> 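Attaching a single structure in structure tokens format; questions to follow.
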Amino acid sequence: MKVFLPLNIRIDDKKILFIGGGNIALHKIQTVERYTRNITIVATEIHDALKGKGFEIVCKKYEETDLDGFFLVYAATDSFEVNRKVKADAAARGIMVNVVDNRELSDFISPAVIKENEMTIAVSSNGQDVKKAVAWRNRIREMFRDG
């Protein structure tokens with residue numbers, strides 16, 4: 001069983017790559033963009049909600065060289081084969097990868113987050129029950145709002 005260490009990583013000065021530009025990528029990008037705008041998306045199709053946000057967008061199929069110069073990578077396509085190839089290619093280069101919705105292939109996971117100014121609360125189920133982590137996060141958010 002994989003166990004993930006919860007930690008905070010400074011990414012405001014790091015390059016983050018998303019392979020995939022659809023709904024799967026959209027949800028992860030919405031979390032990451034709260035911490036950095038230094039996001040590149042490589043995909044054959046881009047969700048309308050991602051256009052015009054200032055991200056670097058490269059419309060093409062994934063190639064191993066797309067990983068050059070990136071600190072973290074999110075494999076966020078709807079193709080298991082492409083996601084697995086991104087993972088293998090990144091591992092060969094020493095780049096950590098989150099294969100969205102596949103904790104077994106992921107080097108890191110993203111928790112359910114509450115961010116208010118300089119305070120951040122992260123809730124994680126170790127990637128086993130995302131819905132439960134989101135429910136806990138929402139309950140914690142309500143507790144703070146209710147005082």
Side-chain angles (χ1 to χ4, degrees), residues 1-43 45-58 62 66-147:
M1 176 174 129
K2 280 200 170 191
V3 179
F4 296 92
L5 171 68
L7 49 87
N8 296 316
I9 299 173
R10 182 176 180 185
I11 63 167
D12 61 319
D13 61 345
K14 303 288 193 263
K15 292 174 61 176
I16 311 298
L17 176 64
F18 282 83
I19 306 298
N23 282 327
I24 295 168
L26 173 64
H27 295 295
K28 290 296 180 184
I29 290 171
Q30 288 172 329
T31 297
V32 174
E33 73 177 327
R34 294 162 59 193
Y35 302 90
T36 185
R37 304 292 296 170
N38 200 0
I39 294 171
T40 299
I41 304 165
V42 172
E45 295 181 31
I46 305 295
H47 195 289
D48 286 341
L50 295 171
K51 296 176 182 175
K53 295 189 104 182
F55 304 133
E56 181 179 351
I57 295 175
V58 181
Y62 166 75
D66 294 329
L67 301 172
D68 290 346
F70 287 93
F71 177 70
L72 291 177
V73 176
Y74 287 82
T77 75
D78 58 3
S79 167
F80 178 76
E81 291 77 24
V82 171
N83 290 345
R84 188 175 53 201
K85 176 151 178 43
V86 170
K87 165 60 178 171
D89 293 345
R93 293 166 177 254
I95 302 170
M96 292 196 324
V97 177
N98 173 269
V99 179
V100 178
D101 297 332
N102 189 324
R103 69 186 288 278
E104 291 305 315
L105 286 181
S106 295
D107 297 313
F108 67 95
I109 56 175
S110 298
V113 174
I114 302 167
K115 181 163 178 24
E116 298 290 334
N117 300 315
E118 73 281 350
M119 296 300 297
T120 302
I121 299 171
V123 180
S124 177
S125 66
N126 205 36
Q128 294 186 47
D129 192 340
V130 174
K131 289 180 181 180
K132 189 177 207 177
V134 169
W136 278 43
R137 178 207 57 201
N138 293 343
R139 286 176 44 200
I140 293 166
R141 181 183 287 140
E142 287 175 24
M143 288 174 20
F144 281 104
R145 287 187 180 154
D146 293 342

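Note that the numbering runs from 1 along the sequence shown for the chain. The shown structure was predicted, so the numbers you read here are calculated from the model rather than taken from an experiment.
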> Hey, is CG on N8 packed in by over 12 heavy atoms from elsewhere, all under 6.0 Å?
no
> CG of L50 to CD1 of I41: how many Å apart, nearest 0.5 Å?
4.5 Å
> When you look at CD of E81, are more than 12 heavy atoms from neighbouring residues, nucleotides or ligands closer to it than 6.0 Å?
yes
> Do D107 and N98 have side-chain heavy atoms sitting under 4.5 Å apart?
no
> Which donor-acceptor pairs under 3.5 Å do side chains of residues 112-122 form with protein atoms, sequence neighbours excluded?
from, atom 1, to, atom 2, distance (Å)
K115, NZ, N117, O, 2.8

> More than 12 foreign heavy atoms under 6.0 Å from NZ of K14: is that the case here?
yes
> If you define the side chain from C-beta out and look only at heavy atoms, does anything of I39 sit under 4.5 Å from I29?
yes
> Does any part of the side chain of L5, heavy atoms only, come nearer than 4.5 Å to the side chain of F108, both counted from C-beta?
no
> So do the side chains of S125 and W136 get within less than 4.5 Å of each other, counting heavy atoms only?
no
> For side-chain contact (heavy atoms from CB on, under 4.5 Å), just list the numbers for S124 and I109, CA-CA rounded to whole Å, side-chain angles, deciding distance to a tenth of an Å, and then say yes or no.
CA-CA 9 Å; S124 177; I109 56 175; 3.6 Å; yes
> Which of these, N83, L17, V86, T77, sits in a side chain to side chain contact (heavy atoms under 4.5 Å, CB included) with Y62?
V86
> Should D12 and R10 count as an ion pair when the cut-off is N to O under 4.0 Å?
yes
> Are P111 and V123 close enough that some pair of their side-chain heavy atoms sits under 4.5 Å apart?
no
> Would you say the ring centers of F18 and F70 fall short of 6.0 Å from each other?
no
> Please list every donor-acceptor pair under 3.5 Å in which a side-chain atom of residues 138-145 meets a protein atom from a residue at least two apart or in another chain.
from, atom 1, to, atom 2, distance (Å)
N138, OD1, R141, NH1, 3.4
N138, ND2, V134, O, 3.4

> Just so I know, are the side chains of I95 and L72 near enough to count as touching, which here means a heavy-atom distance under 4.5 Å?
no
> Quick one: list whatever passes side chain to side chain contact (heavy atoms under 4.5 Å, CB included) with N38, sequence neighbours left out.
K15, T36
